[in-house]
Every structure is written in structure tokens, then in C-alpha cells.
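Following: one structure in C-alpha cells, then a few remarks.
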Protein chains: 2
Amino acid sequence: MKQKGIKIPEATIKRLSAYINCLERLDDKGYQVVSSELLGESCQVSPAQIRKDLSYFGEFGVRGVGYTTKTLTEQIKVILGLDRIWPTVLVGVGHLGHALLNFTFFREHGYRMVAAFDSDPRKIGTEVAEGLHIQPIEELVETSNREKAAIGIVTVPASSAQSTADLLVEGGVSGILNFAPFKVKVPEHVTLRNVSIVSELDNLAYLLSSKKPRRRRKKIK
Amino acid sequence: MKQKGIKIPEATIKRLSAYINCLERLDDKGYQVVSSELLGESCQVSPAQIRKDLSYFGEFGVRGVGYTTKTLTEQIKVILGLDRIWPTVLVGVGHLGHALLNFTFFREHGYRMVAAFDSDPRKIGTEVAEGLHIQPIEELVETSNREKAAIGIVTVPASSAQSTADLLVEGGVSGILNFAPFKVKVPEHVTLRNVSIVSELDNLAYLLSSKKPRRRRKKIK
DNA sequence: CGGGTATTGTGATAACTATCACGATACTCT
DNA sequence: AGAGTATCGTGATAGTTATCACAATACCCG
């Protein structure tokens, strides 16, 4: 067992999140116990990597046997802090925001969408997910504080990303997940993560253009 | 200058993509020339890191001066393969798919959406972006081949992610960007990248729950 | 109940990535 | 034109992350 000020690789955390999904899938398939090899195959990570990742946090398996699927799932959720409810607000209900609000995975992982905001007056009041009505930006700070929002999701255009982040900070959130293609700045006590969809595509483009020169299969002449 | 079979860190590619955005912003602000320090400040990367990243691909700056903003932007685009058009198809026009189809950034980076597919019969024929009408899944393979699609974006539910990927491969794409929370498998000649939005949020949850115990500011009593 | 087998947990090692420090060099100004 | 200054490019170094190999150990079976 470790976890005493030792720093955990970010990649490990990312994989832990993936393990949850794979474990749930394996559980559905009837595996009550999984080995690191089986889990590794399922989520395309080496068995050693999985064991190492888990070893940062304790001992969860039984030698010679493997891991109890359901138990391990629960334990990883505890590690990631998914054993509690995270009140979450979202700002910017465009298509992306709308998609996130209705993403059932979130609810399953403990994120509760407590409010959604948009600056477009025409959208105010619209029910965007069950029981969730769009509120004007002006109510962001007050509502966030009242609902004790812990996480703010930013899905506004780049031009208003910074002002949105500022309001969320004022609203008392501890973490911000930013989808806008603009590197916002937040006070030190607020944790920030940026998701850059364009960057992912660009990465793909790089791999395609640099790696393998390969031709499309044509009709055999 | 390098770039001769030397492997480039993936993180470098990710940053290069970010540099483009920052450079364009700085250009808008009137900077015709930028130093690694200025650029670094703008995109929150150390100056040394920027120079190192660029050094993998050549020499783009002038000692004592800096980089010509517009030129560097163009050169990074060449590095990433963004100096050409990438015919792209998208499968699964839910909210997320819809958001991506209308994301203007894509067009600016050279991705041309040539087709969109969905399995819902009610959506077929709907114009989802300018000049782009939703087609049935059944036409995926033929259309992709005809349009010489290079990239396929998967925004379908997890349950149909694998079958969608299979069709895209059959349709001749070289790369797949998968947003579904399911680790699809593709033949070796196809490059795959997964984007896990849940994983990003989980990462945030982990940081929040493990790092700093901090209390919400209440009214001063 | 003891040997055989499977599979974990982890220290050691290798591979990768970022940071640092400084030589190289182009522009500026007198 | 030469000294001074700014800033790049990069080899060396430090730090981080993944892989490996094997000791530890729990279950199975006769």
C-alpha cells in the first residue's frame, strides 16, 4: 500500500477511469472475478500496467485468483472520488452543452447536473434535461453558491470562456472542465482541466500524414 | 534539424496544436513576431519546452529576435498535416455529433465534413450543417469510398461503436476519432484515437477529492 | 495436507519526457 | 564596425512513467 504524499501519474488516473467501464462490461458478461490479464485485454492496457496502477493505492486482488469484479469497481470509484455526489453546473447550452447535459454516463458516475446557464434570452426557461431549465448567466453566481456546485463545465465560445470561468470561481466551484478552445486562467485553489477536441483531431491528422503512406484500395483492374 | 525516424512525444504534438491557437490569437493582437517566452506565457508552456518541441522538426526562429507569427503558424500546420484538406465523415448525429459538425474550428484546420450518417430513419435527409444532409448508415461504406474520406468520427452510443468503426474501416478511412465510451478495435493500418469525456471529468473528481480540503466561503457570521 | 498452478504486488530497470544551462547568432546603437 | 543585448537551438541532466521479472501467496486437487 502506498498513497502517502506520493504523486500518482496522471496517466494512471485516466486509466483507472477506463478500468471502471471495462469492469462494468465484464461484470455484465458474467465475470465475477477478473485477472489483470483479462481486464488488460478488455481495455487494451498491459496486465503489469494495471497492477502497477492499482498498487499505488493498495492491494485489491487475491494472488493466484484475481480481482472481484464488483468490489474492484467500487474501490476504484472510491479512489477517484466517485463514491459521492458531485453537484455540477454547465454554462453554454449549445449542441455540445446539450449533449453533456443528457449524457447518462455522468449521472452514473456521480455527477449531478444542478443547473445550466446560457446567455441567449430565447433559451431561458427551456427544459434541457429532465427537470433542468436553462437559467440566465446573471443567476450563475447565486445559484452555484446555493446549490453548492463543486464542478463547472464550460461549453461557451472561446470569446466568453474567461468571463465564464471567472463567474464560476465566484460561484464557488472547486473545479472547472473547459471545452472552449481558450486557455482560461483561474485562481490557484480552483482545479482546471482543458479538453481540446480540435487538438485530438490534429493529433490524428499528424499521425496520418507522417506515419504510413498507404493507398486506398481501388477496384482491381 | 531532426525528424528522421526519431519518435516525437505525443505531448509535443498536442502542444503544437495548442500553439496554433495561441499564435493566431497573438497575431490578432498585432504581434508580427513572438518570442518563445511570449508564446509560452500565452499558452502556459515553458519557453524551453516550446523551443524543444519545435526543434524536433527544424529551426523556425531567428536568434535574438523570435519567430515570425504568421510563418510559424503555417509551419506548424505543415508539421501537423493541416496544410491539406482532410475529407471527414461523422457517424451518429446526436447532440455531440451535431456540435462537431457545426464546429467552425474544424473547417479552419482543414477538416472538410463530407458526409454525416445516422441510423434513425426520422433524421435521414435533415440538413445538419450547410449543404450537409444526414444519410442512412447503409450508405456509409459507399459514400466514404466515393468521397475518399480519410477520417471518421464516431459519435454513436457505446453499443454500436464497434460496428460503426468496422463500417468506417470498410469505407476506407485511415483514421478514426472515437467519442463513444467503448474501446473499439481496428486493423493495424487504421489509426485510432479515443476521446473520453467522462475520463476527463473523473480526473477532475480525483483531483478535487484527493488534493485540497477546502471549504466554501460562507457568509461571515 | 502438501505439491502444483495461477496470479498478484513490487523492486529494479529501461524508456521516455521535460528542464536546464549555455553556446550560437542576429539585430541595435553609438 | 564593434560592443551589447535578446533570444534561439540543443546537448546534458534530472525527473517521470512504463516494463520486466520474480518472490509471495492463495486456491485446487489428489
Side-chain angles (χ1 to χ4, degrees), chain A residues 1-19 22-23 26 31-69 71-73 75-76 79 203 206-207, chain B residues 1-19 23 26 31-69 71-73 75-76 79 199 203 206-207:
Chain A
M1 217 233 279
K2 291 176 184 177
Q3 167 77 318
K4 200 186 263 189
I6 298 152
K7 111 214 97 42
I8 314 293
E10 179 169 321
T12 291
I13 302 303
K14 206 162 195 169
R15 282 189 297 266
L16 286 177
S17 173
Y19 299 162
C22 292
L23 284 167
L26 289 168
Y31 293 96
Q32 298 185 344
V33 171
V34 296
S35 64
S36 58
E37 184 172 355
L38 176 59
L39 178 55
E41 201 177 310
S42 170
C43 55
Q44 294 171 61
V45 173
S46 78
Q49 181 73 75
I50 291 175
R51 298 200 299 276
K52 188 61 141 180
D53 285 342
L54 293 173
S55 80
Y56 286 120
F57 301 96
E59 303 189 6
F60 305 102
V62 177
R63 291 168 194 227
V65 181
Y67 304 89
T68 307
T69 313
T71 310
L72 183 59
T73 308
Q75 284 166 319
I76 294 179
I79 292 169
N203 211 312
Y206 168 74
L207 292 172
Chain B
M1 216 236 283
K2 289 176 182 177
Q3 167 76 315
K4 198 186 261 191
I6 298 151
K7 108 215 100 43
I8 315 292
E10 180 170 320
T12 290
I13 302 303
K14 207 163 196 167
R15 282 190 297 267
L16 287 177
S17 173
Y19 298 162
L23 284 167
L26 289 168
Y31 292 97
Q32 298 186 343
V33 171
V34 297
S35 64
S36 57
E37 185 172 355
L38 177 59
L39 178 56
E41 201 177 309
S42 169
C43 56
Q44 294 169 61
V45 173
S46 77
Q49 181 73 75
I50 290 176
R51 297 200 299 275
K52 187 60 138 179
D53 284 341
L54 293 173
S55 80
Y56 287 120
F57 300 96
E59 305 189 5
F60 304 103
V62 178
R63 291 167 193 225
V65 181
Y67 304 90
T68 308
T69 313
T71 311
L72 184 58
T73 308
Q75 284 167 319
I76 294 178
I79 292 168
S199 160
N203 211 312
Y206 167 74
L207 293 172

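So you know, we letter chains A, B, ... as the sequences are listed, proteins then strands, and number each from 1. Reckoned from all heavy atoms, side chains included, excluding hydrogens, waters and symmetry mates.
A/Glu37 is linked by a side-chain contact (heavy atoms from CB on, under 4.5 Å) to A/Ser35, A/Pro47, counting only residues two or more places apart in sequence or in another chain.
In the set D/dT10, D/dT17, C/dC27, the nucleotide with an atom closest to the side chain of B/Ser55 is D/dT10. Distances from the side chain of A/Val62 to the nucleotides D/dG9, C/dT19, D/dA26 place D/dA26 closest. Set against C/dT19, D/dC27, D/dT19, the side chain of A/Lys52 has D/dT19 as its closest nucleotide.
The stretch residues 33-42 of chain A touches DNA chain C through A/Ser35, A/Ser36, each having a heavy atom within less than 4.0 Å of the strand.
Residue-to-nucleotide proximity on DNA chain D shows that, of A/Gly64 and B/Gly66, the 5′-proximal contact is made by B/Gly66.
For A/Arg51, no side-chain nitrogen or oxygen approaches OP1 or OP2 of C/dG9 to under 4.0 Å. At the phosphate of D/dT17, OP1 or OP2 sits under 4.0 Å from a side-chain N or O atom of A/Lys7. Checking the phosphate oxygens (OP1, OP2) of D/dA24, no side-chain nitrogen or oxygen of A/Arg63 falls inside 4.0 Å. Proximity of B/Tyr67 to the phosphate of C/dA26: no side-chain N or O atom is located under 4.0 Å from OP1 or OP2.
Rounded to a whole Å, the CD atom of B/Glu59 is 6 Å from the P atom of D/dG9. In this structure, the CD1 atom of B/Ile8 is 14 Å from the C1' atom of D/dT10, given to the nearest Å. In this structure, B/Leu72 places its CG atom 15 Å from P of D/dT7, rounding to the nearest Å. Here the C1' atom of nucleotide C/dT8 and the CZ atom of A/Phe57 are 18 Å apart, to the nearest Å. Put simply, CG on A/Asp53 is 13 Å from P on C/dT8, counting in whole angstrom units. B/Leu54 has its CG atom 13 Å from the P atom of C/dA18, to the nearest Å. What separates OH of B/Tyr56 from P of D/dC8 is a distance of 17 Å, to the nearest Å. The distance between atom CZ of B/Phe60 and atom C1' of C/dA26, rounded to the nearest whole Å, is 19 Å.
Under a cut-off of 6.0 angstrom, the local environment of OH in A/Tyr31 is sparse, with at most 12 non-hydrogen atoms contributed by other residues, nucleotides or ligands.
Side-chain atoms of B/Tyr19 and B/Leu72, non-hydrogen and from C-beta on, never get closer than 4.5 Å to each other. The closest side-chain heavy-atom distance from A/Thr68 to A/Val62 is not below 4.5 Å. In this structure, the side chains of B/Tyr56 and B/Pro9 come closer than 4.5 Å at one or more pairs of heavy atoms.
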For this session: Given side-chain contact (heavy atoms from CB on, under 4.5 Å), test B/Phe57 with B/Leu16 step by step and report yes or no.
Result: CA-CA 11 Å; B/Phe57 300 96; B/Leu16 287 177; 3.6 Å; yes

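Although no hydrogens or angles enter the test, the distance criterion places a donor-acceptor pair under 3.5 Å between the side chain of B/Thr73 and the main chain of B/Thr69.
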